[in-house]
Amino acid sequence: MNSYAFAKWYCARTPTEERFALALNRQLYEQAGIAFAAADVEDVPPQTPLIIKSVTTVALQLIKRHRNIAYATETGRIPPSVMLSCHAGHAARPGMKLAQMLIRQARWTARAIDDAAKRGQLLVVPNPEFPAERFTDRWPESQVQQTTYSRHLHTLANGLEAARTGDVQLEDLQEWLLAQFGDRIVTRSIKAFNQRLGRQVQSRQHGYTRSGGLFVPAAPAIIGAATGLAPVAARAHTNMGERR
Amino acid sequence: MVMTIDAQIKDMASVWPNFALVGRQGATAAWQGAVRPLLQTFLVDITYRAPLVIEQLSVRVLQPRVRVLSPPLRQRPGDPEGRLPHVYYGPNGEVTLCMLDPDSDDWSPFDSLAQTTMPWIIEWLAAYEGWRATGEWTASGRHIEPGGAGV
């Protein structure tokens, strides 16, 4: 396999997204006990290289994790990582949010499979740098195999879209995400989200949308400068109540 | 100066136009509307009676009554925070949110519901969703214990 050329192709299509990379990598290093307080990516000390640089790559990792969970009990071949990486490279669009990119990658592969299936063919994904090479030479082996995976991906994308636009409680979303991505990553993420939310609310680093939403900026910001917010600056208060 | 019910109604309509005035009788008003702190939409009812200037009632009695109409709040018996965190239970088991310390300066009838109660409802519901998902209440909080002491 011409993996070097493919890796270069992937990197060229997924440039470093500075704000995202800095925020994510700061978390990763803090978890490892390494702290840095850089304002910009350029200021990150050389001994702390950025591990993950783009939304596309994080979404790709989640797509692979989703595949691993979906095929946890499978004994045969499963959708190959290199095929998913290739589709991620094609789908890359710097600046997208993580959920949007995850939906985009899931749909990208699912639609490629659906198109092939409509023609009665199996999915073919060539190496973009060496088209004679096929990343799909061992998988899929049958229509059933490829359409099963397409359904998994559509279910994932549908669920994520429903969570963004519909009504779902955090605990129900957590249950659904557990089924898609497994326990460790989901529980840790929701717990971290809840704690960050609490910290920001208690330190009054938040606002309210006019439709009754809680607005918590990802990075410290002047709340009043955000548009579409209710003209409210609630002061600190103490939730009381009985404990029964 | 104590805010009259007319002033409260005007303020609510200005800041939270999606909340409808659903009842008005004398100095008492009720509003209903939807909020969506995170991803779930909650239908909420606020009932409040503005006191007369000469009344000397405690905040505990005067505070606005806030009920979640739908979806029903999910209880978790045996939780250290209580089966529902930071609520009051009425004589018939009805649940109202408790978002202020009546013995502190959190709130008084001088305050606008639009500037206090409404944002506190949003914060309470976000903390409630986090508590349901993780078991951890991350907003502010103190409990009224039997005998009157808060912890």
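Convention: sequence-line order gives letters A, B, ...; per-chain numbering from 1.
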Heavy-atom contact with chain A under 4.5 Å, split by part of D11(B): neither

Contacting moiety of V201(A), where chain B heavy atoms sit under 4.5 Å: side chain

When I190(A), L214(A), N194(A) are compared by non-hydrogen pairs under 4.5 Å with chain B, the top option: N194(A)

Atom pair CG/CG of L97(B) and L84(B) - distance to nearest 0.5 Å: 9.5 Å

Result of checking H90(A), H87(A), Q146(A), R67(A) against T109(A) for side chain to side chain donor-acceptor pair (under 3.5 Å): H87(A)

Region of T187(A) in contact with chain B, defined by heavy-atom distances below 4.5 Å: neither

Interchain contact, Q174(A) with chain B, by part (heavy-atom threshold 4.5 Å): side chain

Which of E171(A), K191(A), E175(A), Q195(A) touches chain B most, by non-hydrogen pairs under 4.5 Å: E171(A)

Salt-bridge present (R60(B), D103(B); N to O < 4.0 Å): yes

Carboxylate-amine/guanidinium proximity below 4.0 Å for R107(A) and E161(A): yes

Q115(B), part contacting chain A, at a heavy-atom distance under 4.5 Å: both

Among W124(B), Y128(B), W131(B), the one residue meeting ring pair (Phe, Tyr, Trp, His ring centres under 6.0 Å) with W137(B): W124(B)

H86(B) and Y88(B) aromatic centres sub-6.0 Å: no

Residue part contacting chain A, namely of F19(B), when any heavy atom lies under 4.5 Å: neither

